[in-house]
Amino acid sequence: MKRLLGSLVEYLAVPGIAVIALLAVAHPSLAGKTSSQSAKKPSAMEPVPALTPFVEEHAHFDEKQPAAAVRAAMAALGRENAVMIVFQISPGTFDHPGRYDSEIILSEVRKHPGNLAITGGGGSLNAMIMQSAASGDAGPEVQKKFKARAEELLREGVIGFGEMTAEHFDGFTPYQSAPPDHPLYLLLADLAAEHDVPIDIHMEAVPQDMPLPPDLKSPPNAPRLPANIAAFERFLTHNPRARVIWAHLGSDFTGFRTVELDRRLLQAHPNLYMEIKTDPDAHGRNYPLASDGKIKPEWLKLFTDFLDRFVIGSDQHYPEPKDADKRWQETILLLNQLPADVRKKIGMENVARIYGNSVAPFLRATKN
Ligand SMILES: [Zn+2]
Ligand SMILES: [Zn+2]
């Protein structure tokens, strides 16, 4: 409840300013007046769109109602000032009954080229990695099947591989863990490079073996977490032509996804990109926003120093859950605070570069 109240205060504090700024741009006659004179105060729930068009590069959908999810995402574009939403497939395992992959929604997504796109493999390639990590079998037969499935997804029209995982706490999907330098991950990097598509990966940061953080439960999570940063770096260097997007910066549940770690990895690995996600209902341990909603200076400096390497990936679900605060809104309130040149890169231009021909022509046609 405290957390809810806190985020309500943030909502009230920032949107007022942003909406007034927007109104001033739209109506120059209002620019010189104060909010009490002319601008209508928004209610706490009134959405604040992005100041410049952006791509939501990491969203999810209700797989039980794909057509409704697509309608909800299309309806959200204008409200958010998003030009495109990219759906990711939740990472699943073969023994998870809710497992699915891109095929469940692909035909609906393809009705809206340029507005919607989708990655694939979260429900199949990722499950194959988890199975192989558990069995120890990453032999030629396993690799052959893995490659065939990856190529099938690409033929069907996915624009990248995601959402993959290497360390994922129990939630919508079960606890999952596999080394990010597993042979199938290295194969995936080669496939991504060969076909010129990125890999989107969810991985809690674990520099050294450590016990599960005390606020998480075991089971279902493992009591100890295996170190993964050195293995992640081996994955990144294995094929430098493979573009890797490390999901969920701003949603750190081990406490080790710090500015310092992100900075060091971005410096060392030019093929590494990061998605920004700020969830008002789950701040985690290294939240980029202060309690007044402002970006903390050290994070602002990171975003500015590496302005070519970040995208917006709020992890919003469509249709938007009624009982949760909006992830996209909190993340856009962060985006709106960035200097215009940084905002345009992170909001849109970087996505065009990372995903290449499958989205760039549509995004180039969008005016800033
Ligand atoms: Zn995730
Ligand atoms: Zn996700």
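Each ligand, and each atom within it, is numbered from 1 in the order the structure gives.
For F172, the CZ atom sits in a loose shell: 12 or fewer heavy atoms of surrounding residues, nucleotides or ligands are nearer than 6.0 Å.
The closest side-chain donor-acceptor pair between S124 and D101 falls under 3.5 angstrom.
A salt bridge between R243 and D196 is present, with a side-chain N of the basic residue lying under 4.0 Å from a carboxylate O of the acidic one.
Remark: aromatic rings of Y100 and F61 are close, center separation under 6.0 Å.
Screening Q131, H168, Q176, E163 for a side chain to side chain contact (heavy atoms under 4.5 Å, CB included) with N126, the sole residue that qualifies is Q176.
Within the protein, the N, O or S atoms sitting under 2.8 Å from the Zn ion (ligand 2) are H58 NE2, H60 NE2, E163 OE1, D315 OD1.
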| message | Working note: E108 + K111, criterion salt bridge (Lys or Arg N to Asp or Glu O under 4.0 Å); need CA distance, chi angles, decisive distance, verdict. | response | CA-CA 6 Å; E108 293 293 335; K111 290 177 186 166; 3.3 Å; yes
